[in-house]
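Each remark here refers to the structure printed beneath this line.
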Amino acid sequence: MKRPRIDTEANHRLVTRRAAILGGVQLAFVGALGARMQFLQVDQADQFRLLAEENRINIRLIPPSRGEIFDRNGVPLARNVPSYRIVIVREDAGEVEDVVQSLGKLVSLDPDEVERAMAEMKRSAPFLPITFADEVSWEDLSRVSVNAPALPGVTPEVGLSRVYPLGSDYAHVLGYVGPVSDYDLERIEDPDQLLRIPRFQIGKVGVEAKIEENLRGKAGARRVEVNAAGRVMRELDRREGIPGSDMQLTIDAKLQSYVQARLSTESASAIVMDVQSGDLLAIASAPTFDPNLFVRGISSRDYKSLTENKYRPLASKSVQGTYPPGSTFKMITAMAALEEGLIGPDETVYCPGHLEVAGRRFHCWKRAGHGWVDLQNSLKQSCDVYYYDLALKVGIEKISAMANRFGLGERHDVPMSAVAKGLTPTKDWKSRVHGQDWVIGDTVNASIGQGFMLASPLQLAVMTARLASGNSVTPRLIKTVDGIEQPSGAGTNMGMNENNLRKMRRAMFATVNDRRGTAYGSRIIEDAMRMAGKTGTSQVRNITAAERRAGVVRNEDLPWERRDHALFVNFAPYDDPKYAVAVVVEHGGGGSKAAAPIARDVTLQALYGGEPPLEAYPTKDRGRIETQQQVLRGMQPVANIAGSDQA
Amino acid sequence: MSYLEYTVKHVPAGPRKILFLNWPLALLLAAVAGVGFLMLYSVAGGSFSPWAEPQMKRFVMGFVLMLVVAMVPIWFWRNMAGVAFAGTLLLLLGVELFGSVGKGAQRWIDLGFMRLQPSELAKVTLVMILAAYYDWLPSHKKSRPFWVLIPVVLILLPVAMVLRQPDLGTSILLLAAGGGMMFVAGVHWAYFAAVIGAGVGLITAVFQFRGTEWQLLKDYQYRRIDTFLDPASDPLGAGYHITQSKIALGSGGWTGRGFMQGTQSRLNFLPEKHTDFIFTTLAEEFGFIGAFSLLVLYALIILFCVASALANKDRFSSLLTLGIALNFFLFFAVNMSMVMGLAPVVGVPLPLVSYGGSAMLVLMLAFGLAQSAHVHRPRHGH
């Protein structure tokens, strides 16, 4: 064994010196580490504590239940019903494939859905529940629950699903809800956090979309502690959300269902409005569709049949559709002249069947002419020449201004989708939009609601209600929110000369009840219910001089989309007006034949609050009406779904 | 003769040796290990398994190993230095061969009762061989180029082999420890200045020529260096760990969130919370006071080792003890810098605290050598 040797003094001093230097460096480094600790743990502690809390605490939203919608009498129109879905948690299931197979023996699983769910499961954390079946029936759910021990990781979850009990009758009013799409998120600025919840349902169209904020409610929240993988460790606290507001519409469910059934599969719309309060008791548009299909996610085949239908079942024609108002506009032209004092008490105009204006010949619908006509006769028989003559005296500006006072050309504040503004043309408008000067022929056309003039059925109903009441009533669709009555649509007096209004009402009464009136065939004979109205038949094509010489082609001989629109507006009872009704049948032919009977039936239904007695109808019509009533009685609310008979 | 000889009769013999151990050092080691048990208990969610209990057993084993090594005369260990170093190189070679057959980067050899990492062992045997070399080498020769080249080769051999595993952290530690040994042994400072100067120059060149046509590395290599130096540029990879680690440290504040109350570690936001990042849990739960206390314990261990080394007139003992102290220092300094975001993330555990068998045993073996040096130090027996 070598013996140890003691180091030389010189070398030992060198080593000591070097060791001291190295030790000093080490000490300095330890100091630096200490300083860093102090910096992180003392100086920046608050900031890092906050970050740690952010890591740890997660806020989970609790979706509120959506407000329900009822009719004016409390009949449910949109409800939330429990819907069940089956979820699987991977970490509890073990062999997911086996579990899914056993589950498939109990309930029918959609193979596409299973594939999607399996893919989703692979992507997400093992503790997250993945939906394998949605909208599971109660029977299927019971079968799963009974067999729970054999199905590890499988749990039923309950949610709320939107249901429209009256289905297609409210498709156009209520619209429908559906899961939030990327498009929705882009469209809505500063979106509610709730919208980020997968499959959260929001209103897509109609009332559901327009008063979405009220119906949705406010999200609740629970603060949970999560670990790095996102697993919830415990709940820290919880704040319940505020459920959405329940709504009551002004609609009368019974009347609405009747109107919808009466329109059947015609491409038509009808509106019933309270002339005093502006309440909309029915807004129907046909053909219609089942909104429940959209809630569940409509199949592309069904959707295609809806979009390809030429009667456009998805369009809410009552507020979206605009039509030349035709002769229903004559009251406006007449009112404009009356208010200007341009019509003397017994003034008459001679109608030879046409009027020459600026070298152009404007025809009356009656080729032979009406002879000498006064105001009442002109409206009753719908003489066009009389109004051409008035229009030349009054001018377009006053006519359009009067139309605006009666609610035409105005986008009424109704919570439905794409409410149309219509059009009341002026000289300024034409030069601005068309870059052309207004010509006198335009005024002549406008006087009988043709040419540029456009109005929606809703606007026509408002016009009629204002004529009947003399007040500037506005339509109201929402009756109560959370039980609180919403502002009424009853307006103030329009400031029209009451004598002039009375003249118009009397002329409208004559139109329906005078033997020579255009709507005589659709009169009501029950005295207390008698109605006043005006027919309208608006052209959608130009009739050439050549065709006129050869004889105008009859509507029945034209293809559907070139036929005239049939319109009718009325109010009743004449003595004490309650309801204004507007009916438009697209390409229905003559207003007196196609629109007036519908309006009459709807009016009676509204006045009687149900099926009217046959005694209200003229004697010779009763047999036909009785058959029709029997047919309508048998119609279920959801029966007239478009697509089935159009496909 | 440049060495004064001394007789061994003044050195304690037999069981009495145990009284001459550097007991303060032993107690400091136990204290640090105790901190480790506490933290391993905490990160397991208040449980001795799976980490605290095996760690305690290994520490007891390691402590006994230290005592046994300490009882053996230091000159035996000096004579064994060459054999030990050669054996380590063979083991590293074995890992290299074994690893190529096995699965990728295998750094350990299974001894049945534990897994031995030869790279850990290399830290001790490298220090031993260098201490023995400078003990043997006459003082006046140590700055001559040839005699400088020999220890450089001795250092680079294990460094290269460890780097191939690949284990960047350990190879840097080996390089630094070897360089430190040469420095304390008294090699002329000009060599160090040259190496440091060359290194700085190379790094400057690498970055200076970036983007020019004389660019020294490929673009992707530069990007890897970027992420290595600045983990924040890779927020989902390395940056995520460092961010979470800093959050844990910082949220500890002065006094910490309380034993087993650290949310960052309990909720798994910390990576490798029982090994490389265990310090963050300590800092989170015991705050600045706890973390700084551990730093003080470590500093005291270094201090006691350096004091023991400088009091030792035996050149081998003195150099060996300084080398072990330097190794230990590098260990905790790199680990702490790493978790505090001062250094890139390289896999270096916190000595005696992080969970890990072979690191613990090798460290205790090293301190056994330091203890042996302390016990068998030359004494003037006039």
Side-chain angles (χ1 to χ4, degrees), chain A residues 1-58 224-234 236, chain B residues 2-8 73-76 78-79 135 139 180 183-186 244 246-254 263-264 266-270 283-284 287-288 291-292 295 298-299 302-303 306 309-310 313-319 322 325-326 329 333 336-337 340-342 376 378:
Chain A
M1 185 185 282
K2 284 182 193 165
R3 281 187 295 173
R5 292 150 298 191
I6 296 207
D7 205 356
T8 58
E9 278 300 317
N11 198 53
H12 190 72
R13 271 204 304 279
L14 177 63
V15 169
T16 304
R17 198 161 61 236
R18 290 288 177 93
I21 294 169
L22 203 62
V25 170
Q26 292 180 12
L27 201 66
F29 202 92
V30 166
L33 288 176
R36 177 72 175 174
M37 268 177 219
Q38 198 260 349
F39 173 72
L40 289 177
Q41 298 198 275
V42 179
D43 295 355
Q44 297 201 313
D46 292 344
Q47 183 199 332
F48 282 118
R49 178 69 63 97
L50 195 70
L51 288 172
E53 295 295 290
E54 275 176 20
N55 263 345
R56 172 175 85 96
I57 294 166
N58 221 316
V224 291
E225 186 178 84
V226 295
N227 72 2
R231 183 199 295 268
V232 174
M233 308 305 279
R234 62 191 165 120
L236 299 171
Chain B
S2 55
Y3 306 102
L4 297 176
E5 293 185 0
Y6 70 95
T7 53
V8 295
I74 191 65
W75 46 89
F76 172 79
R78 185 194 62 198
N79 297 344
D135 182 47
S139 280
F183 179 77
V184 282
Q244 295 302 339
K246 279 160 79 178
I247 289 173
L249 271 154
S251 66
W254 266 106
T263 58
Q264 285 286 102
R266 200 161 45 80
L267 299 172
N268 285 335
F269 286 101
L270 291 175
E284 186 186 22
F288 177 70
F292 196 75
L295 190 64
Y298 278 138
I302 303 293
L303 204 68
V306 171
L310 295 184
K313 297 280 192 259
D314 177 44
R315 201 197 292 180
F316 175 75
S317 297
S318 175
L319 288 174
L322 285 172
L326 179 60
F329 164 80
M336 285 187 178
S337 308
M340 289 195 283
L342 290 175
H376 302 96

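If you're wondering where the values come from, they're calculated on a predicted model, not measured in any experiment. Each chain gets a letter, A, B and so on, in the order the sequences are listed, and its residues count up from 1.
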- For A:Met233, is it the side chain, the backbone, both, or neither that has a heavy atom closer than 4.5 Å to a heavy atom of chain B?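 Answer is side chain: those atoms of A:Met233 sit under 4.5 Å from chain B.
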
- Given a strict heavy-atom distance threshold of 4.5 Å, which part of A:Gln47 is in contact with chain B: side chain, backbone, both, or neither?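 A:Gln47 has no heavy atom closer than 4.5 Å to chain B.
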
- Message: If you define the side chain from C-beta out and look only at heavy atoms, does anything of B:Ser251 sit under 4.5 Å from A:Leu51?
- Response: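 B:Ser251 vs A:Leu51: side chains apart.
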
- Task: Flag the pair B:Phe329 / A:Val30 as yes when at least one side-chain heavy-atom distance between them is below 4.5 Å, and no otherwise.
- Result: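 Contact flag for B:Phe329/A:Val30 side chains = yes.
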
Please check this pair: side chain of [X] against backbone of [Y], looking for a donor-acceptor N/O pair closer than 3.5 Å.
X       : Y        : answer
A:His12 : B:Leu310 : yes
A:Gln41 : B:Ala283 : yes
A:Arg18 : B:Val184 : no
A:Arg36 : B:Ser337 : no

Rounded at 0.5 Å granularity, tell me how far [atom1] in [X] sits from [atom2] in [Y].
X        : Y        : atom1 : atom2 : result
A:Gln26  : B:Tyr298 : CD    : OH    : 14.5 Å
A:Phe48  : B:Glu284 : CZ    : CD    : 12.5 Å
A:Met37  : B:Leu295 : CE    : CG    : 4.5 Å
B:Leu322 : A:Thr16  : CG    : OG1   : 8.5 Å
B:Lys313 : A:Asn11  : NZ    : CG    : 12.5 Å

- Message: Taking every non-hydrogen pair under 4.5 Å, which of A:Leu14, A:Leu33, A:Asp46 racks up the most with chain B?
- Response: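 Among A:Leu14, A:Leu33, A:Asp46, the one with the most close pairs to chain B is A:Leu33.
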
- Item | Which of A:Asn55, A:Val226, A:Val25 touches chain B most, by non-hydrogen pairs under 4.5 Å |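 Maximum pair count with chain B is reached by A:Asn55.
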
What part of [X] lies closer than 4.5 angstrom to a heavy atom of chain A: side chain, backbone, both or neither?
X        : value
B:Phe183 : both
B:Ile247 : both
B:Leu326 : both
B:Leu249 : both

Do you know which of [options] has the most heavy-atom pairs with chain A at a distance under 4.5 angstrom?
options                                : value
B:Ala299, B:Ala309, B:Gly287           : B:Gly287
B:Gly252, B:Gly341, B:Ala333           : B:Ala333
B:Lys246, B:Gln264, B:Arg266, B:Met336 : B:Lys246
B:Gly253, B:Ser317, B:Ala248           : B:Gly253

